[in-house]
Amino acid sequence: MDKIILEAKGIVKSFKNGNSELIVLNGIDISLKVGSIVTIMGKSGSGKSTLLNILSTLDIPNQGLISINGRNIKNLPDDDISYIRNSYIGFIFQFHHLLPDFTILENILIPAWIKNEKDKLELALELLDELGLIKLKEKYPLELSGGERQRVAVIRALINNPRILFADEPTGNLDEKNALILVDLFKKINRDYNVSILLTTHNPDVADIGDLKYELKTGSLKIK
Ligand SMILES: Nc1ncnc2c1ncn2[C@@H]1O[C@H](COP(=O)(O)OP(=O)(O)O)[C@@H](O)[C@H]1O
Ligand SMILES: [Mg+2]
């Protein structure tokens, strides 16, 4: 049987809005098999970011259970959740959030420095080389194109060897050509590093890389 790296059951999330309540996620079940890609489409405001934030431990649901690598994270102390986040999870957002005063190589190494891991230089250079960006290593973010910056953000997300990569509309600011380059990069990472990927997108071509494809609508997931 395929191993499951991430499993969520009965996820409910609502936000108070004055006297009323906005139910954004209304009982979501989803799981991610090791080495698979799951994509979630949905209109703006459908709850994609809310769901990704919850699945990636950045936010807490009102109801429901999440387990990562077989460990239920509900009621775990913050330190344990941070540990799980740091050891299993990488993030890519719509905006790259690279730090302008640091070189590309330094930006990639920052998540490792935060973990006090000082021996990641070789991996950073290997990733830059493997993913075709080695010539950018001494440049600064402002010297790169939008597509290049987003590819660097992917490498930065990989530096701590995550088992799951969460990407929230990663191609949202890219033109079609750069979106497809990024998609190829996701496929390569998935294949070569066996990283499981959960991504949200507006773009049907991007959603197509999913082994499983969902649409998020009125608080529920439907298989596409
Ligand atoms: N912290 C919050 N407080 C109140 N409402 C929120 C909050 N975060 C998201 N929402 C609302 O939840 C809905 C889903 O938002 P979001 O998850 O950002 O959707 P998407 O990423 O699909 O565009 C929206 O109506 C949004 O306004
Ligand atoms: Mg969003």
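Each ligand, and each atom within it, is numbered from 1 in the order the structure gives.
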Enquirer: Any side-chain donor paired with an acceptor under 3.5 Å for Asp168 and Thr200?
Expert: yes
Enquirer: In terms of side-chain heavy atoms, does Asn194 have a donor or acceptor partner in Arg163 at a distance below 3.5 Å?
Expert: no
Enquirer: On the 0 to 90° scale, with breaks at 30° and 60°, tag the Phe93-Phe91 ring pair as parallel, tilted or perpendicular.
Expert: parallel
Enquirer: I'd like to know: is the Mg ion (ligand 2) within the 2.8 Å range of an N/O/S atom from Ser49, strictly under that distance?
Expert: yes
Enquirer: Hydrogens and angles aside, do Asn69 and Lys3 bring a side-chain donor and acceptor to less than 3.5 Å of each other?
Expert: yes
Enquirer: I'd like the residue list for ligand 1, meaning every protein residue with a non-hydrogen atom under 4.0 Å from the ligand.
Expert: Phe15, Leu22, Val24, Lys43, Ser44, Gly45, Ser46, Gly47, Lys48, Ser49, Thr50
Enquirer: Mind checking whether Leu125 and Lys137 have side chains closer than 4.5 Å, heavy atoms only?
Expert: yes
Enquirer: Under the criterion side-chain hydrogen bond (donor to acceptor under 3.5 Å, both in side chains), which of Lys43, Lys48, Glu169 is the partner of His202?
Expert: Glu169
